[in-house]
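To keep things clear, I will list the structure first and then write my remarks on it.
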Amino acid sequence: MAEWTPSSWQNRPAGQQPAYPDSRALAGAVAQLASLPPLVTSWEVERLKTQLAEAAAGKRFLLQGGACAERFDQCSADIITNKLKILLQMSLVLTHGLKRRIIRVGRFAGQYAKPRSADTEERDGITLPSYRGEIVNGPGFSAEERAPDPERMLRGFEHAAMTLNFIRSLVDGGFADLHHPEYWDLDFVSHSPRAQEYQRMVESISDSLRFMETLAGIRAAEITRVDFYTSHEALLLPYEQAVTRRVPRREGWYNLGTHFPWVGLRTAEVDGAHVDYFRGIRNPIGIKIGPTMTPEWLLELLEILDPNSEPGRLTLIHRMGHAKVAERLPPLIEAVQRAERTVLWCCDPMHGNTETTAGGRKTRRFENILSELEQSFEIHADLGSYQGGVHFELSGDNVTECIGGARGLSEVDLDRAYESRVDPRLNYEQALEMALLIGRMVARMNSE
Ligand code: PEP
Ligand code: CO
């Protein structure tokens, strides 16, 4: 294979890239970005890789979640705090139900670029470039907003840095301390139909923690300190190139703009630019796989992206849809088993279950999301494989974007608080309920 550099992807066809009108402005933004200090360190990246390897071996479980796309105007204290709260609550519930340590990875601090089904959008006879996320262009339908602007990469990096800075100081300051789950209470703790179940679980965990600490005579520091890692779809390649760095005392190159980048479904061609970019970085990486993935294609990807079968390197995030998972997932699991490869399997039950309402809203049904999860846990168990993770699009706020859940949100509710410009997210109640149901589901499967 040809020699790799952070820019060697430029020799391959690159899908889903904006057409920047001014190549000098692009080069200037990339150069400026490349000179800035990184957001994460290789130490953190390697620690995550080790933890993902443990998850692949069945000892941990990955919870990955956040917005479909972050917005610059939602880079605010309450939105970030609420997102952390719901992820912490879900991870507490999953620890309880799965009896495993949870790896928390946010779709945040850099989740700004979106793949689109068409390069252009037409309204009333006017054709403009599609909206590709805040890091590329603006959502408004005007030529000015939609023109791709490389300066937005710098804005994206700054917003990612502010987001991560706030998350780090919340976590370091003790916000995520398991001794104080009340810090993460959201309004629904008193209102949700599932509130009591959650409270009972919190009490039971607090009891166990006190019991253990009394026995050991120490405070469980490892539990007190909870880690959060960042992830995003590494879609906009000039940006990813600029945050790819060498570090002292380690070999190779790291993407230091995030801990855990993933390759999207639409850009996973084996000879495409994205796969070329990913093969050269040392980070753990995710690959989104959908119903059109074949065993041959998958094995080729594994060969290119993980030639040395490195533990923790690959997470396969499958998103088949509830109607297709039973048919499409087993051949892929079997192919990976036949090739004697170890990967971490993670189910994204969101992206294969998107539908559009008669009123033109993109939505997802709670029951379909749950059904894909349930089928996929069972498929893995039947084949002697381990589903070691889940991937959600969620919000810590009371949005109304997905239908269903204990409160029975219906199509007419969607207009009330629909905020996503792209995919619909579970709201905080739906997300917590999902975690409770996963815990129950896995506990039941283990006892069968
Ligand atoms: C996403 O995760 O927002 C996304 C676009 O996913 P996929 O590549 O699986 O369609
Ligand atoms: Co999405």
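Atoms within each ligand, like the ligands themselves, are counted from 1 in listed order.
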Quiz item: Which residues pass the side chain to side chain donor-acceptor pair (under 3.5 Å) test with Trp345, sequence neighbours left out?
Solution: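 Side chain to side chain donor-acceptor pair (under 3.5 Å) list for Trp345, sorted by chain: empty.
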Quiz item: How would you list, by chain and number, every residue that makes a side chain to side chain donor-acceptor pair (under 3.5 Å) with Thr363, sequence neighbours excluded?
Solution: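 Testing Thr363 for side chain to side chain donor-acceptor pair (under 3.5 Å), a comparison that skips the adjacent residues, returns none.
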Exercise. Have a look at Asp423 and say which of its N, O or S atoms is nearest the Co ion (ligand 2).
Key: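 The closest N, O or S atom of Asp423 to the Co ion (ligand 2) is OD2.
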Exercise. For residues His318 and His380, establish whether the separation of their ring centroids is below 6.0 Å.
Key: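 Between His318 and His380, the centre distance is under 6.0 Å.
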Quiz prompt | salt bridge (Lys or Arg N to Asp or Glu O under 4.0 Å) contacts in which one or both residues fall within residues 135-147, not counting sequence neighbours | solution =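 As it turns out, the salt bridge (Lys or Arg N to Asp or Glu O under 4.0 Å) pairs with a partner in residues 135-147, which skip direct neighbours, are Glu121-Arg146.
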Quiz prompt | Rounded to 10 degrees, the angle OE2 of Glu393 makes with SG of Cys68 at the Co ion (ligand 2) | solution =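 That angle works out to 90° after rounding to 10°.
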Exercise. Return the orientation label for the Tyr229 and His259 ring planes: parallel under 30°, perpendicular over 60°, tilted otherwise.
Key: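 Perpendicular, since the angle between the ring planes exceeds 60°.
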Quiz prompt | Positive for ring pair (Phe, Tyr, Trp, His ring centres under 6.0 Å) with Tyr112, one of Tyr239, Phe72, Tyr131 | solution =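 Exactly one option meets the ring pair (Phe, Tyr, Trp, His ring centres under 6.0 Å) with Tyr112, and it is Phe72.
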Practice problem: Determine whether the side chains of Ser231 and Arg107 contain a donor N or O and an acceptor N or O closer than 3.5 Å. | Solution: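 Ser231 vs Arg107: no donor-acceptor pair found between side chains.
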Quiz item: List by chain and number: which residues place a heavy atom under 4.0 Å from ligand 1?
Solution: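 Close residues (ligand 1, cut-off 4.0 Å): Cys68, Arg107, Lys114, Pro115, Glu233, Trp262, Gly264, Leu265, Arg266, Lys288, Arg319, His351, Glu393.
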